[in-house]
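Below: one structure, written as structure tokens.
Below, chains carry the letters A, B, ... as their sequence lines are ordered, and counting in each starts from 1. Nothing here was measured: the structure is a model prediction, and the numbers come from that model.
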Number of protein chains: 4
Amino acid sequence: MIKVGIVGGTGYTGVELLRLLANHPEAVVEVITSRSEEGISVADMYPNLRGIYDLKFSVPDVKTLSACDVVFFATPHGVAMKMAAELIDNGVKVIDLGADFRIKDLDVWSQWYGMEHTSPEMAELAVYGLPEVNRAQIKDAKLIACPGCYPTATQLAFLPLLENKLIDHRRLIADCKSGVSGGGRGAKVGMLMCEASESMMAYGVHGHRHLPEIKQGLALVAERPVHLTFVPHLTPMIRGIHSTCYGVLKDPVDHDLQRLFEERYANEPFVDVMPAGSHPQTRSVKGGNMCRISIHRPQNDDTVVVLSVIDNLVKGAAGQAIQNMNIMFGIDEASGLNVVGLMP
Amino acid sequence: MIKVGIVGGTGYTGVELLRLLANHPEAVVEVITSRSEEGISVADMYPNLRGIYDLKFSVPDVKTLSACDVVFFATPHGVAMKMAAELIDNGVKVIDLGADFRIKDLDVWSQWYGMEHTSPEMAELAVYGLPEVNRAQIKDAKLIACPGCYPTATQLAFLPLLENKLIDHRRLIADCKSGVSGGGRGAKVGMLMCEASESMMAYGVHGHRHLPEIKQGLALVAERPVHLTFVPHLTPMIRGIHSTCYGVLKDPVDHDLQRLFEERYANEPFVDVMPAGSHPQTRSVKGGNMCRISIHRPQNDDTVVVLSVIDNLVKGAAGQAIQNMNIMFGIDEASGLNVVGLMP
Amino acid sequence: MIKVGIVGGTGYTGVELLRLLANHPEAVVEVITSRSEEGISVADMYPNLRGIYDLKFSVPDVKTLSACDVVFFATPHGVAMKMAAELIDNGVKVIDLGADFRIKDLDVWSQWYGMEHTSPEMAELAVYGLPEVNRAQIKDAKLIACPGCYPTATQLAFLPLLENKLIDHRRLIADCKSGVSGGGRGAKVGMLMCEASESMMAYGVHGHRHLPEIKQGLALVAERPVHLTFVPHLTPMIRGIHSTCYGVLKDPVDHDLQRLFEERYANEPFVDVMPAGSHPQTRSVKGGNMCRISIHRPQNDDTVVVLSVIDNLVKGAAGQAIQNMNIMFGIDEASGLNVVGLMP
Amino acid sequence: MIKVGIVGGTGYTGVELLRLLANHPEAVVEVITSRSEEGISVADMYPNLRGIYDLKFSVPDVKTLSACDVVFFATPHGVAMKMAAELIDNGVKVIDLGADFRIKDLDVWSQWYGMEHTSPEMAELAVYGLPEVNRAQIKDAKLIACPGCYPTATQLAFLPLLENKLIDHRRLIADCKSGVSGGGRGAKVGMLMCEASESMMAYGVHGHRHLPEIKQGLALVAERPVHLTFVPHLTPMIRGIHSTCYGVLKDPVDHDLQRLFEERYANEPFVDVMPAGSHPQTRSVKGGNMCRISIHRPQNDDTVVVLSVIDNLVKGAAGQAIQNMNIMFGIDEASGLNVVGLMP
């Protein structure tokens with residue numbers, strides 16, 4: 001059994017790791033840390049875990065964590081970069097669900113995250129954990145930077161088009177809608193049910209931290225810098241991201257875009273290209289690790305519309321992290337992730 | 001008092017007319033029709049109206065309706081065009097909340113609505129009831145075609161940019177999110193709470209009936225045909241439309257877009273241009289007739305993002321219809337429409 | 001015009017006072033206070049009020065408030081009792097939407113609210129502002145203690161039965177369901193949309209502060225102390241209270257309970273006894289000041305079930321406060337309160 | 001592997017069986033029927049099942065179904081009683097999630113379900129599938145009548161009190177709140193998101209079909225007929241039942257009710273007695289088969305309040321059906337049911 005440690009287990013990605021790992025056949029959670037909740041049982045904080053886990057939150061400590069085979073960081077940015085190097089030196093694999101190692105250009109990182117990066121070597125060592133792009137490197141990685149939720153849904157939508165240079169890299173738009181769990185478990189007025197339900201709003205239109213991450217990923221496959229307009233919206237539902245992606249065909253002749261996507265993702269266990277003409281619903285992936293995609297070219301004009309849905313807490317966070325772990329440890333990539341979306 | 005008749009009062013736009021007209025100081029509902037609910041009291045169907053109205057649904061009948069000063073049609077397409085001419089002949093003003101008279105090119109109309117148009121003269125006579133564009137014509141109109149909900153939010157977002165020819169008319173995108181009341185009160189599986197809540201989905205990406213209507217309106221102000229990609233989404237809330245509109249600046253120099261919008265709408269009672277950097281919430285207009293707009297130019301790049309929110313049942317339907325009525329009858333345009341949005 | 005001051009205008013009952021008073025024909029808000037938001041425009045905090053109010057929050061100050069005819073306290077308990085006496089001395093009428101003056105037995109008050117009561121004279125002076133019971137005293141009152149939300153819905157449900165001594169005063173049960181706006185605008189984890197939506201839970205079963213208030217009110221009409229089991233539940237909706245009240249008939253013969261309720265509330269503008277067999281929906285009163293009630297006696301057994309719904313922020317708070325103001329100033333009791341419930 | 005057939009797989013309990021059985025280690029779905037959807041792939045109807053099932057709906061047919069080891073009926077009442085006898089004759093075990101065999105007194109059954117019962121022998125043969133009461137009989141049963149959702153939550157709440165004759169059997173109240181999935185997937189106006197969300201209402205107060213079922217179950221353990229007032233409420237959430245149960249202690253001395261419940265359910269894999277003072281949330285069991293219970297005695301008075309929550313589609317339907325199957329086939333009772341509740 002793979003011995004797992006989780007740093008920062010009180011947030012929504014932490015409890016989601018616990019939910020998914022509870023049914024993982026080859027991994028067991030041995031340590032879970034939270035400075036603020038030390039000594040509290042996880043089942044007292046998350047009653048859905050009563051009878052499932054007998055763990056208590058402990059103070060994060062490199063020595064204790066070093067007894068694990070892998071440590072997940074479900075922490076705000078700035079935490080993982082302080083501990084990752086020492087854990088890796090001790091032979092522990094590290095998977096960061098936060099933002100510390102997602103961006104290779106550390107000046108860009110500092111500009112968007114408002115602090116100095118204190119671990120440039122680790123940032124260089126880190127592999128960006130999007131299996132659909134980096135599976136080979138993930139296999140041998142010691143440190144994984146798990147993609148953000150918007151970046152996962154959006155990159156999977158654009159990849160086949162940019163890899164094949166079909167669309168104009170200067171005219172990309174991602175209009176994204178996220179459920180409120182993306183905002184985390186912190187007590188903020190804007191996330192109260194009275195404020196966030198029964199309403200829709202955009203936010204961060206001037207610039208969101210996921211923008212440079214998406215641009216970095218798309219630039220790599222496009223083999224040139226891209227222009228992207230990224231508008232996130234807060235949507236009145238708990239889970240789910242719906243990314244509506246717009247691209248302009250460079251050559252508006254007849255393309256078999258449906259086939260392009262189907263072939264690109266034919267062997268991917270967690271990308272499902274839906275039949276032509278479909279509209280994926282976020283609820284079809286609620287609680288599961290799937291990304292569902294459909295491709296449209298309205299009125300046969302030169303604009304392509306790709307619809308991409310994930311559960312932000314699963315394929316957008318904890319599920320993808322476990323998918324990375326499975327790849328790193330050479331076990332079935334889908335272990336523990338065969339969760340059927342909860343409908344209704 | 002203006003004597004009002006309502007044809008098709010059982011749907012959501014019908015009951016919304018009743019809610020708003022209940023507090024109108026110069027109008028009174030005298031007739032409300034519904035073939036299927038004949039003899040039923042409106043208060044039995046809509047208990048929020050108990051004690052407010054003593055009306056019963058009657059079978060629609062031109063003679064009875066001709067005793068009214070104005071008749072609203074809150075009906076599916078195909079109904080108003082059968083009755084409008086006779087009512088107008090009898091001196092009644094007609095305001096159609098449905099789609100019968102929205103599109104001037106009747107071939108286009110037939111193609112999208114799947115039937116022959118039986119009243120071309122009325123279609124020609126009709127004034128498109130968007131006061132922010134057509135106030136003068138509305139004043140003298142006998143027949144108003146009330147704009148659809150998506151078209152209202154989207155046209156108000158694009159107007160100042162297209163009127164001033166600032167953006168490329170071939171690269172318009174409207175990514176729109178609508179609450180489920182836009183789907184009406186018909187019993188459809190997809191609109192069940194179990195199906196529509198806690199989920200987000202696009203629909204009609206290949207083509208939606210509001211597309212030709214928006215294009216017609218934008219072409220008029222742009223003074224040329226426009227290319228528009230329009231993607232509507234079903235959003236898990238009851239009321240509200242959030243239209244996120246993207247345009248590409250033809251000349252990406254410095255523009256004072258904030259000022260442009262503020263000046264364009266300075267005298268409009270129901271368009272509120274928010275301060276620079278704002279993100280309007282649909283809930284801020286819930287139950288009210290306001291359209292709230294904010295303008296962004298992310299990273300000072302060449303893409304402009306306009307955010308526009310309305311209540312689809314008010315400014316997107318019943319409220320705008322009453323606004324038209326007020327203009328037609330020469331009374332205060334805001335009569336009966338000073339409803340403050342319900343927050344929380 | 002009645003000059004109105006509001007102390008504590010940043011919470012949900014404060015903004016609800018503003019919403020309702022915006023359309024009051026005989027009152028105008030002149031002062032609104034908030035220590036934490038001094039200098040902020042109310043429209044910046046509550047964008048639904050943009051264009052409606054030009055007010056800024058000011059620091060609460062007796063002198064400024066004394067220029068008002070009436071001051072509403074929309075504050076947590078402990079605030080109004082510090083300022084009420086001085087305002088009343090200055091000739092200002094005071095309406096407290098909080099809990100300071102609701103309970104006559106100050107030992108009981110202290111026990112439930114965890115502090116000493118510093119203004120016993122005011123507590124004695126205060127009239128409990130439930131118009132359906134105390135209209136005459138409200139007319140001449142200088143200080144009103146507005147009922148809590150659960151107490152309003154529950155007392156109106158039990159009143160006719162207890163006034164007529166039809167049910168056993170030792171066997172009262174109120175199973176109440178409240179929308180999350182009852183929890184206020186404070187940033188609490190339990191009120192986040194992720195925590196409170198898509199779930200149902202009871203809370204405070206061991207004892208809730210509204211319990212002694214309800215018991216006091218019911219004891220007065222029953223003319224003896226009552227036993228009441230009161231179980232509040234947090235319900236996944238923004239607004240609304242549904243109080244399901246159970247009583248045991250002392251003499252299980254045939255009673256015309258429907259008629260009893262209809263006659264008791266025949267002249268009440270804000271209590272609507274529904275037809276026999278009805279089930280009121282909270283949404284039928286959303287945004288309005290109505291209390292809708294229906295009476296059932298299942299299987300003609302000895303248990304009576306009364307269903308009572310209100311909007312907790314309106315008839316349960318701000319609307320009832322304005323109703324009290326209208327009575328105190330001798331104007332139409334329904335002034336500013338003719339708001340039709342928002343359906344859908 | 002246990003070969004499973006499902007009759008009536010298009011409703012919410014049908015798709016829930018599919019979701020849960022997808023991860024069952026010892027069962028495989030071989031047949032799924034739906035007269036109206038014949039030939040349609042289940043994955044086309046329920047996209048969360050894409051890639052999981054390759055099944056198509058077929059017309060229900062005794063011969064085909066007889067190749068199964070067990071057949072679940074997820075059908076409206078009246079269907080299972082037509083087919084059960086023949087299947088059982090063919091050696092197939094039958095588990096009815098509908099109401100055909102729940103009530104032993106067929107006169108009572110006919111009165112509440114409005115039709116004649118056509119299979120009295122089967123009704124007599126059937127075992128009521130509440131494992132916490134009938135585990136031994138279930139083991140040897142050929143035909144299981146799965147309890148309704150309200151009856152499951154309510155009986156588990158009252159059982160320990162009635163088995164020990166601690167409460168007055170004439171004064172039982174169950175105030176129950178159900179998510180809208182309890183209303184099924186039929187297209188009914190009242191279940192539209194516009195109608196059912198953001199509102200709370202009671203229904204069927206005069207009498208609901210689950211009333212005689214609950215009374216039958218409680219009478220058996222109380223060893224005498226019971227009086228029960230049962231008030232169901234439609235709650236604005238998709239899944240979950242919260243049953244708030246009230247009983248009157250016959251002897252209001254000191255009882256260790258907490259211990260009573262803990263001991264009663266100590267060996268039950270799917271009943272979780274929470275710590276004293278707790279309030280279970282329905283979301284803690286969302287998607288899982290657990291029933292969470294807490295016991296209160298407010299103000300140490302004579303009224304006991306038991307709070308009981310389940311997921312109506314799992315422990316209240318499909319999960320409990322699988323639990324019965326597991327018992328019948330002598331495999332681990334929790335097989336396929338170790339699903340952690342989805343929080344948030």
Open item on the list: Using only non-hydrogen atoms and a strict under-4.5 angstrom cutoff, which residues of residues 15-31 of chain B touch chain C?
Closed with: B:Val15, B:Glu16, B:Arg19, B:Ala22, B:Asn23
Task: Side-chain donor-acceptor contact under 3.5 Å, C:Arg292 with C:Ser284 - done: yes
Task: Sequence neighbours excluded - salt bridge (charged side-chain N to carboxylate O under 4.0 Å, His left out) pairs with any residue from residues 179-193 of chain C - done: A:Glu195-C:Arg185
TODO: Measure C:Met274 against the heavy atoms of chain B and call it side chain, backbone, both or neither at under 4.5 Å.
DONE: both
Task: Presence of salt bridge, C:Lys286 and C:Asp311, under 4.0 angstrom - done: no
- [ ] Please check if the side chain of B:Thr282 supplies one atom and the backbone of B:Val309 the other of a donor-acceptor pair under 3.5 Å.
- [x] no
Task: Polar side chain donor-acceptor pair, C:Asn289 to C:Gln323, under 3.5 angstrom - done: yes
Open item on the list: Taking salt bridge (charged side-chain N to carboxylate O under 4.0 Å, His left out) as the cut-off, I'd like each qualifying pair that reaches into residues 41-56 of chain C, sequence neighbours left out, listed once.
Closed with: B:Asp272-C:Arg50
Open item on the list: As an exercise: rank C:Val180, C:Val339, C:Leu342, C:Leu313 by heavy-atom pairs under 4.5 Å with chain B and give me the winner.
Closed with: C:Leu342
Task: Pick from B:Ser181, B:Pro47, B:Pro275 with the largest number of heavy-atom pairs that fall under 4.5 Å of chain C - done: B:Pro47
Open item on the list: Checking C:Phe57 now: which residues fulfil ring-ring contact (aromatic ring centres under 6.0 Å, His included) with it, not counting sequence neighbours?
Closed with: none
